Structure formats: structure tokens, C-alpha cells
Amino acid sequence: MHHTQETSPETLEAPRRPSVLHIFKIYYPDLFGGTLTVIRDICASLKDAFASAVLVCSQSAERREIVVNDVPVERVRSFGNIMSLPAAPTYPWRLWRKIAAHDLLALHAPFPLADLVFAFGFGARQPLVVHWHADIVTHAGLRWFIQPLMRRTLRRAKAIIVSDHVLIDKTPLLREFADKCHVVPFGIDTSGYDWPTIEPHHVNDRGRLVLACGRLVPYKGYDVLIRAAAGHNFEVWIIGEGVERPRLEQLIRELGLGDRVRLLGSVNDCERIKLMCLSDVFVMPSVTNAETFGLAQLEAMAAGRPVVNTALDTAVPRVARHGVEAITVPPGDAEKLGEAIDTLIRDPERRRRMGLAARTRALSRYSATAFKQGMETVYRDAVAASNAERPATAEPPRATGWLDTVRIAAALAWSDMRHRYVRSLLGPFWMSLQMAIVVLVLGSVIGQMSNTGMLARLPMLALSMTAWTFLNGVVLDATTALQNSASLIRDRALPPVIFLLQCTFRQALFALHNACVPLLLWLAFSPHDLSHGLAALPGLLLFVACTFALSLVLGAMATRYRDLKPIIESTLMLAFLASPIIWSSDIINHRSTVMRINPLTHLFAVWREPLAGGHVDPASIVYVLVVLTLLVLASVLTLVHLRKAAFWI
């Protein structure tokens, strides 16, 4: 609603600011860290040019929508972390729903949950800028799965922002898109570090205070710093919180350093700046290339502190340079780290000289003004390029293509799942709990019938039950899908195939929730060999393709001939009992006629055998390919006849 008011002729309406959505896995106040500081500084510095919003995950049970420093933040509920990735199944949905409301998307990578959304082409109309903070280092074994998603994201991005050119040189994935990369070094407002002279006795009357700051995570190398303190006589204060705190506390107790090493936890900005100015030496002992810049060492440089850092293949040793602003040592070497710190502690004049050089470099090379100008230029260019690519006039309505069909079906499936569990505490994870109970009961029963142990069988049994539940659910849903959407089909609002495809997407979402059961069992009772999972992927794709094609054919036939639905239900039950889904290899006879002609035997074999480290029988591969070919031909005929679906219902 617009309100009319009297204004002077000189008053002009302020132009609308483009809106930018920052996409990351976590944000204030749940955690404090370098990437979060960068996002906060971008939002604050560009507030006059862009209207910022943030979408993140959170384990907090408090309000979902909050405001942090005048920036709206939506926190999608997460149930924890799995391999450093938030377990937030609804995050892709929320991201997809918010994309259209913003003029620019700013992804802070790496974040595979967001890559999953962009890989499927959602939000293609909005320009995307990727802030590359780090490569995947901690869980490098997952690179084979995540890197293709990241590559698709980078391919559709208008620009990629990195903090130093060395990241482009040392990261193979970035080298593929070097023409899109823009180097914008992080900046810092040094005015906040202009503290008055502080006498040493105010905090440490022995003048040997060493400070470190960052999240307590393995790649930060704080265990190395604590071991370095054991052989020398300086004090160490560490600012930050994280999963490593219990292990670090235990290490401090074991080395008897409780009087000299302190874990301060999270502190506010004012207190952190004060501690930076009070310290004698700042240390960044990071041990992997997950530390790409080291914003904390830049803050220490602004405070005029000398730095001890590590020789990583990132920007860390380039921000504070060896022999000028820092002493650089090999990563993970506690002895060298301790010697470097002790050298500075014993030489006040060198500390003063290096601290002055650090302050000068922070002022001249890493100013907040240059950072703001660089970010604003990249953002404006991305929005302008996107506007230039859009046609001046609206396109006429066009028929629904296959890509639109897939997107609509996926959106309907996601909406259906959300409304089904709208006020449920666990949502679809109730099905996961039910799956876990069924697997445990079946495993104990079948364990009494075979010679192998129950625990060794549970991961594969859970995975087989998840796959069967997916197939059974897709086919049964398809038999009633067209009848349940009769009004939309009669009105020609949407093609009938969308509702059959919706069944596959819906059951796939349930299967992803159920997959947490075999995943947990696999982590607990099986050797962690990801190569077997990669070998099973082609067979699993064949399984999904056959399932969809079968649902397409049977769904149309059950709509045309209503008597087929109970027959299909009975056939599926018999197929479950006559197939090697729950039965182990030492119980069944693979040479029996029933096993050899049963399609499910081969459909399960093409992905289960590679997953178990075995080899697929060539006969099973041929059988599945023949079945898939027949189903594809039948699906083509079905699609032709689906045009008459409005007359069947």
C-alpha cells in the first residue's frame, strides 16, 4: 500500500538497492570465525549499495528468523554435522524458495548443500557470485562426489572472488575458471586497533604472552602450539570455541601446562581487540591448506603485533611475510614453532620492528576501503551482466519442456513431503526410525538362520531395505498418482507425466532420509572404503532408471485398467519374498530358476556386488540392460498414450 504525502520538489525517491542473499552453512551468533567475519563485513560495508540477507543452518531451537547487525538472517534447522556438513535436509528447499526474491546470490564456498541446488539448475535467472574461501581438505575422500557439483556451480557463476592469487595457482578447480576469478584481498578497519600504550603488568608482568585466535578445529593446529609451549617458558592464550576443546584440554592436563596455557572461549569484538593489543606475539599454527588467508593474523597485524605463521600453499605466509612481519615455520613442527616464538619473546626490539611493519602493511595493503570497493565492483558488474543478458521484452508462453517438467515435479514432491510432516517433531526421520527398527529385527532373525554374524550383515541389509522401500513406494504411488491429480489433468494445467515423476522424487526424498540408517551402520561396522561406493554408482543409476520407467508404465496402465492395482500390490509382495533383498548369499540358491529369471535379483546385484567389493556377473549386466531397453520402449509408448489420460479418470 502506498501513502501519499506532501513533499518538496527537491525531494527525490531513493533508488531501490539491489538485494543480495549470502549463502553459507553457519553464521553469528552460533559461531565466531574468519568466514563469518568476512560475511558480516561485506554486509556492513555495502549496506548503502545492497540490501543484504543471510541464509544459514543452525542447531539452535530458538527463533528461525533473527536480525544480526541490521541484517535479516534465516536459520534452517540442522540436526548436527556429518563430515563437516550440516544435516539440514530442508536447506535446499529454503534456498530454492528464497532465490527468486533476490537480485544477486553470494555463495560462500565450499558448501555442498547449496552446490546441490545450483547443480540442478535452480535459480538460473539470478546472477551468482562465488566467494572461494577454501578447497575441500579435511574430507578429501568425498571430492569425487562433491567436485562435480562445485564445478557446475562455478560454471554458472558470473564471478569468483578469491583473497589472493595464490589460491588460483594452487587450486586445480579454480584454474579451470581463471577468467572468472577476481582477487579482492580481505580488508580490516585499523582504527579500532589504535589503543593507547598499555603497560605489560596490566595483563602479564613477565612480558611473554602469546595469543592465538580461531575456531577450535583440527586444521588450526592448536595442539602443535600447546606442544611447543611445553618446551619453552612463554604463556599461551587461545581465543575460540569448537569441537577440539575437550581434546586440547586433555592435552594441556597431560603436559602439565594448566598454569601457562588457557582456552579463553569466545569473546566479543572489543575484548578480542584488547587482547590483540596486550599480547607480545600472535601465532597462527595452521597445519593444512584449509587455512587460506588467516584473517585473525591480519587483525594482529593491525594491532602492531609480530606474527608466527606456517608455510602453507595458501595466502597465509603471503599476508604476513617471513622476515618482515612474521617468522614462518613448517606446519606441524612444534619444535620449530616454539623456537620462533621464543626468538621473538627474547628480542623486544625485533618484536617492535616487525610489529611496526605489520601495522604498516595492514594499513597500506589490506584496507577496509579497498575491500569495500573491490566487492562492490564485482557485485555491481555481476548484476549488470545478468540484466544485459535478459531480453528487453517478455518471452511468450511456451510449452513445458523436460527441464521444466523435472523442476515442477521436484517442487511438488518437496512441498508434499513438507506438508505431510508440517507439525511433526522428527518429520520424515520417523520413517528412518521405523527403518532402523525393521533392520535390527530382520538382522537378528536372519542371523539365527545363517552362519555369519548379525553385525556384519546390518549395513547391506539396511541399504537393501532402503532400495526396496524406494522401488516399492514409487510403483505403488504411481498406480494412484494420476487419479489423485484428476482435476489438474482434466484442466490441462500440467502434463500427466509430471505427477508420475513426482512419485519418484517424493520417494527419493524419503530414501535420502532412510539412507542415514545404512550410513550410520556402515560407519560403525564396515571398513570405510569410498572406492566401492564409486564402483556401485553406475549400477545404482541403472536401478533408479528402471524403477522410474517401471512406475511410468504401470502407473498409466493402472489408471487405464483399475483392476491392475491390487494385482501389482500382490506381485510386489511376492517379488520381495522371492528376491535376495533380505536373504543372505549363504541362505539362497543362486542357481535356482526363480533367482535366475527374477529381474530384482539382477537389479540388486549390479550395485550391491561392487559395493561389497565383489564383481558383477556379466549376465546380470546384460539382463538389466535388456530390461531397461524394454522398459524405455514401453515408456515411449506410454508417453504417447498419456495424452488421453484425461479420458481415463
Side-chain angles (χ1 to χ4, degrees), residues 78-89 112-113 116 139 141-142 144-146 417 426-447 449-450 452-474 504-547 576 579-588 600-614 616:
S78 171
F79 298 96
N81 290 296
I82 301 176
M83 297 183 178
S84 302
L85 184 67
L113 273 183
L116 193 64
H139 302 289
L142 298 177
W144 63 270
F145 172 72
I146 296 175
M417 186 187 72
L426 295 180
F429 285 104
W430 280 115
M431 298 181 63
S432 307
L433 183 60
Q434 179 185 359
M435 174 67 70
I437 296 173
V438 170
V439 168
L440 290 176
V441 172
L442 285 176
S444 60
V445 171
I446 299 173
M449 303 168 57
S450 63
T452 57
M454 181 187 74
L455 295 181
R457 180 181 296 104
L458 286 181
M460 189 59 73
L461 175 61
L463 197 57
S464 299
M465 286 297 299
T466 300
W468 167 256
T469 304
F470 168 73
L471 185 150
N472 186 70
V474 170
T504 302
F505 278 115
R506 180 169 55 239
Q507 292 300 326
L509 291 172
F510 293 147
L512 288 175
H513 286 83
N514 288 339
C516 67
V517 177
L519 177 61
L520 293 175
L521 293 174
W522 174 74
L523 291 174
F525 302 120
S526 297
H528 302 171
D529 191 349
L530 294 175
S531 62
H532 292 168
L534 183 61
L537 192 58
L540 196 60
L541 293 176
L542 286 174
F543 179 86
V544 174
C546 288
T547 299
F576 174 73
S579 303
I581 298 171
I582 61 175
W583 313 116
S584 58
S585 57
D586 56 341
I587 295 178
I588 62 176
L600 291 179
T601 301
H602 306 283
L603 271 177
F604 277 80
V606 293
W607 60 266
R608 284 201 312 191
E609 292 298 329
L611 194 61
V616 184

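Here the structure is a predicted model, which means the values were calculated and not measured.
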If you compare all heavy atoms of [X] against all heavy atoms of [Y], which two are closest, and at what distance to 0.1 Å?
{"X": "A605", "Y": "P610", "value": "O-CD, 3.8 Å"}
{"X": "F543", "Y": "W607", "value": "CD1-NE1, 3.7 Å"}
{"X": "T469", "Y": "Q507", "value": "O-OE1, 4.1 Å"}

Can you tell me how far CG of L471 sits from CZ of F576, rounded to the nearest 0.5 angstrom?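 Those atoms lie 11.5 Å apart.
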Distance from L463 atom CG to M465 atom CE, nearest 0.5 Å?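 The CE atom of M465 is 11.5 Å from CG of L463, to the nearest 0.5 Å.
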Side chain to side chain donor-acceptor pair (under 3.5 Å) partners of T466, counting only residues at least two apart: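 With neighbours one apart ignored, the set is empty.
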Can you name the side chain to side chain contact (heavy atoms under 4.5 Å, CB included) partners of A462, sequence neighbours left out?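 Per chain and number, A462 pairs via side chain to side chain contact (heavy atoms under 4.5 Å, CB included) with V439, V517, P518, L521.
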Residues forming a side chain to side chain contact (heavy atoms under 4.5 Å, CB included) with V544, sequence neighbours excluded: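 Per chain and number, V544 pairs via side chain to side chain contact (heavy atoms under 4.5 Å, CB included) with F470.
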Compare all side-chain heavy atoms of C546 with those of L603 and state whether any distance is below 4.5 angstrom.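 Counting from C-beta outward, C546 and L603 do come under 4.5 Å.
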